[in-house]
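Reminder, nothing fancy here: chain letters follow the sequence lines and each chain counts from 1.
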Amino acid sequence: MGISPTELSQQDVPAEPEVVKQEIAGRSPVQIALGRLRSDKIAVACVVIVVFFILIAVFAPLLTRLFGVELRAGSPSEDLDQFNFPLIGPPDHGFTWEAPLGLAPNTGHDNLADWLYGARTSLTIATVSTLLATLIGVSIGLLAGFSRGWMDKVINFIIDVFLSLPFLLVALALAPIIVSRFGNSPDALKFWQFTALLLVLTLFGWMTLARLVRGEVLSLREREFVQAARVIGVPTRRILFKELLPNLIAPIIVSISLGLPAFVAAEAGLAYLGIGVVGIPSWGQTIDNAVPFFNTYPLYLYAPLVGVFLLVVALNLLGDAVRDAFDPKTRR
Amino acid sequence: MRMNKPAAALAVAAMMTLAACGGGSSDTGSDEPGDDATFQEGGNAGAFKDESREAPAPVPDDAAEGGTLTVMTAVAPSTLDPTQAYYTDSTAILSDLVTRSLTQYAYNEETNDMQLIPDMATDLGRPNEDNTEWTFTLRDGLKYEDGTDVTAEDVAYAIKRSFAIAELPDGPTYQTTFFLDGDKYKGPFSDKGEYAGVTTDGNDITIKMRRPFSDMDYYASFPAFTAIPEAKDNPETYGQHPLATGPYKFADYKAGSSLTLVKNDQWDPNTDPGRIQMVDGWDFKFAQDTAKLENVIINDNGSAQTTLTYDNVSAASYRQIQAEKERLVTGTQPCTFMWYIDMTKVKDIKVRQAIGYAYPYEDAWKAGGDIVGVTRVPGTSILPPGTAGRKEYDALGIGGVNTDPEKSKELLKEAGAEGYEIKFLFSSDDEQAVAAKDAIVKGLEAGGFKATPIASTVETIRTDRTDYNSPINVRSSGWCSDWPSGGSWFPAQWSGDLVGLEGMPNPANFKEKKFDDEQNRILDELSPEDATKAWGDFDQSMEEEVYPAVVTGYGGVAMIHGSKVGGMANDNVRGMPTFSRMYITQ
């Protein structure tokens with residue numbers, strides 16, 4: 001027979017050890033991760049670059065006014081010479097504050113204005129797509145992992161279907177359909193092209209996260225605290241969002257931080273292929289236009305390239321750092 | 001002639017790329033583009049005939065024997081069947097190098113343009129008094145690449161074959177309009193009966209017409225008027241290897257990607273007044289990347305020295321090649337770009353003229369990647385430079401380039417149509433087309449219009465444009481001469497009979513009794529010489545009295561070649577290099 005606690009003599013209970021006042025207590029995993037991030041110099045540099053681009057995107061209209069340039073204001077007949085090259089600024093006439101990045105050949109549009117607004121397009125599309133994809137991925141992953149039986153099978157099948165669809169082909173096929181459906185009204189076209197781009201990026205971006213979350217949930221749901229919650233009759237929704245989700249924060253944040261640069265690159269790639277939003281400045285479209293000018297007017301090509309490169313590299317390195325910080329197994 | 005080469009590669013602002021002809025390296029010494037003599041003189045592309053040109057054609061002094069010329073292009077010919085060849089690239093390759101026709105065009109160095117000269121025939125054909133019967137006589141000593149003789153029956157068969165539009169679509173179709181029973185005869189494949197329109201007698205071929213056809217000598221230069229032996233013809237595969245009668249024959253043809261030509265040893269220079277056979281072979285590479293091929297040619301290293309292209313040079317590369325003008329061939333092509341205004345929708349002439357004043361000519365051209373004065377030449381007459389009987393006039397008084405938004409607003413106000421909505425198509429997946437669209441919208445809005453661009457795609461814009469139900473009221477397109485006379489222009493696009501036909505051959509829906517009567521009068525009553533002049537007057541009165549089309553410039557050509565390519569000039573009938581007289585320099 002065991003000894004019930006009440007039978008223990010007072011002396012047997014060890015005295016409360018004198019708590020040494022140290023501030024180690026009460027650090028959540030997120031706090032630990034953030035602490036690690038802060039001491040990672042590369043991560044800090046990347047954060048600075050990303051914040052810089054976010055500021056550009058947010059204040060694009062203000063910045064264009066600050067530089068005294070205007071979006072899509074070129075007049076080919078007045079701003080360009082007989083070879084369709086700009087009359088001011090690079091590549092022929094040196095630097096001028098009138099057009100710090102020069103004017104685009106053929107159209108005479110200001111490159112800086114296009115670049116600033118291009119950052120905005122890139123970040124908007126990448127952010128919205130990432131958030132939507134994360135939302136879908138997490139909810140479907142939770143659902144699939146927690147439900148047993150047929151629901152799990154159906155969801156897994158859907159994930160497999162989406163994984164097997166060729167992303168580029170669907171995007172290429174969708175573009176002309178939207179044009180022929182909404183081509184008659186310029187405004188509707190713009191709206192739907194934008195929406196379709198978001199949809200395509202989102203629809204092809206959620207599956208990996210869904211699988212990841214499902215896997216995590218499969219292992220978490222057998223743990224004691226979940227079992228306990230079920231035993232005492234906590235509703236499923238509450239178990240999902242209050243018990244399971246907080247434990248998934250790390251993989252989700254990692255997935256977001258690695259997904260962002262992928263979406264930035266995908267947006268530029270699609271715009272380069274001519275699938276994108278007509279009439280909205282985008283780095284990918286500028287690159288597409290600038291490729292033939294690579295040796296006569298390199299700056300035209302380099303500006304958007306550097307934009308995409310910097311943003312993607314910074315986001316990627318940041319993503320890696322975030323993953324390292326959240327993963328208890330990595331020790332630098 | 002079809003304004004476009006097939007395949008999409010270079011769609012320019014809803015129009016097509018055409019191969020134009022460059023008028024030889026311009027040596028005028030000025031830096032201004034468009035200072036080429038042919039632009040200012042109005043040219044006379046092929047309007048001259050030279051029946052007395054003697055065979056053999058002279059070989060230039062600096063020509064070296066041997067070597068291979070490489071031709072790189074971003075497009076690809078849709079077919080190389082002589083009967084179906086109607087695009088500028090396929091007709092030039094076939095006629096200049098492989099399949100000889102009854103007549104041909106040859107470059108004249110003194111006038112810097114093309115002349116119609118005899119080819120397989122001994123002369124340019126002998127019409128009867130009212131041009132309803134034409135007789136051509138074949139030369140002696142003509143042979144196919146396999147050594148068999150070319151007979152008059154073979155030419156007659158080729159002519160009959162051109163009626164087989166169901167089996168061999170997309171070729172030129174004037175024979176159905178002008179030749180005897182052209183509307184009934186369906187070609188030798190489905191119609192086993194005799195065709196009475198073409199008869200042979202020894203070396204003579206006689207073609208009978210159902211209405212006077214004074215331009216038969218020009219029409220006989222099409223590859224469709226070559227010789228095809230009936231026994232060796234299979235309409236489905238003949239285009240893979242048409243039997244050569246010219247200086248080169250097919251060695252290897254991969255449709256859409258490459259064509260290799262080698263010397264045809266059966267070709268006798270003493271029977272041909274227009275072609276030479278100096279290089280050993282030709283290597284055509286189709287569907288190449290524009291930026292890549294331009295760089296290869298501009299850098300001029302190794303085999304690039306004997307490489308050329310018939311694509312228009314892009315704005316990016318034009319400047320680089322300016323330093324070596326002798327490697328740039330510029331000139332005109334007989335093509336006019338137009339904004340056809342739908343006459344059934346825009347009924348007020350003041351509104352139509354206002355469109356002409358508001359159209360941002362230079363802005364739209366540059367934004368679309370054209371080099372003003374080189375690949376796009378401002379103009380006002382519908383007939384392009386180089387057409388016989390062409391009359392220079394200016395219906396709006398703005399020289400076809402000086403946009404005048406104030407005048408446009410004024411006219412709209414007079415018409416009580418301020419804010420009139422103009423709807424036009426553009427290819428939303430072509431960045432340059434989009435840029436040109438933006439420029440046009442800006443220009444029209446400055447001129448007091450409301451501009452509604454309707455999106456289409458490179459793939460579908462042609463079908464959308466020729467759809468009567470498209471919600472557009474202007475159509476951007478163009479036309480190129482089939483031969484340098486008004487007779488290949490107005491009856492083909494501006495006849496009221498064409499309104500409502502499949503494919504929208506009359507893009508402006510232009511149907512005015514007065515002008516239809518005038519066309520019939522010119523076609524049926526006037527002598528060829530009078531008709532030539534009358535077409536010029538017709539052009540002017542139509543634009544001045546009705547203004548159904550905004551002329552948005554003529555096509556120009558700027559082709560580049562390697563430093564060892566010799567004899568490359570501007571075939572200003574087609575807008576292609578003069579393949580037939582090209583060689584490698586010593």
Exercise. Has Glu70(A) got more than 12 heavy atoms of other residues, nucleotides or ligands less than 6.0 Å from its CD?
Worked result: no
Problem set entry | Contact winner vs chain B - Thr107(A), Asn289(A), Asp79(A), Asp288(A), heavy-atom pairs under 4.5 Å | Asn289(A)
Seminar exercise, completed: Applying a strict 4.5 Å limit to non-hydrogen atoms, the region of Lys423(B) in contact with chain A is neither
Exercise. Does a side-chain heavy-atom distance below 4.5 Å link Pro453(B) with Pro186(A)?
Worked result: yes
Exercise. Under a 4.5 Å heavy-atom cut-off, does chain B meet the side chain of Phe85(A), its backbone, both or neither?
Worked result: side chain
Problem set entry | Asp81(A) backbone acceptor or donor facing Lys366(B) side chain under 3.5 Å | yes
Problem set entry | Close side-chain approach of Asn295(B) and Asn295(A), heavy atoms under 4.5 Å | yes
Seminar exercise, completed: Looking only at Ser456(B), Ala316(B), Gly443(B), Ala367(B), the option with the highest number of non-hydrogen pairs under 4.5 Å against chain A is Ala316(B)
Problem set entry | Contacting region of Ala439(B) [heavy-atom separation from chain A under 4.5 Å] | neither
Problem set entry | Tyr468(B), OH: over 12 other non-hydrogen atoms inside 6.0 angstrom | yes
For this session: Could you check if a side-chain atom of Arg319(B) sits within less than 4.5 angstrom of a side-chain atom of Asp92(A), using non-hydrogen atoms only?
Result: yes
Seminar exercise, completed: In short, Asn84(A) meets Asp370(B) closest at the heavy-atom pair ND2-O, 2.8 Å
Problem set entry | Distance, nearest 0.5 Å, that separates CD1 of Ile321(B) from CZ of Phe83(A) | 12.0 Å
Seminar exercise, completed: Contact list (residues 165-181 of chain A to chain B, heavy-atom gap under 4.5 Å, by number) returns Pro176(A), Val179(A)
For this session: Please look at Ala188(A) and chain B and tell me whether the side chain, the backbone, both or neither of the residue comes under 4.5 angstrom of a heavy atom of that chain.
Result: neither
Exercise. So which of Gly74(A), Gly183(A), Ala104(A) has the largest heavy-atom pair count under 4.5 angstrom toward chain B?
Worked result: Gly183(A)
Exercise. Can you tell if the side chain of Ile371(B) reaches within under 4.5 Å of the side chain of Gln82(A), non-hydrogen atoms only?
Worked result: no
For this session: Might you confirm whether atom NZ of Lys190(A) has over 12 heavy atoms from other residues, nucleotides or ligands at distances under 6.0 Å?
Result: no
Exercise. Counting distance only, does the side-chain N/O of Asp363(B) pair as donor-acceptor with the main-chain N or O of Ser77(A) below 3.5 Å?
Worked result: yes
Exercise. Side chains of Glu362(B) and Ser75(A): closer than 4.5 Å at any heavy-atom pair?
Worked result: no
Problem set entry | Enclosure of Phe95(A) CZ (heavy-atom neighbours >12, cutoff 6.0 Å) | yes
Problem set entry | Gap between atom OG of Ser317(B) and atom CZ of Phe293(A) - 0.5 Å precision | 8.5 Å
Exercise. Can you find a pair of side-chain heavy atoms, one from Asn106(A) and one from Gln432(B), that are under 4.5 Å apart?
Worked result: yes
Problem set entry | Which atoms of Phe182(A) approach chain B - backbone, side chain, both or neither, heavy atom under 4.5 Å | neither
For this session: Pick one of side chain, backbone, both or neither for Leu189(A), based on which atoms fall under 4.5 Å of a heavy atom in chain B.
Result: side chain
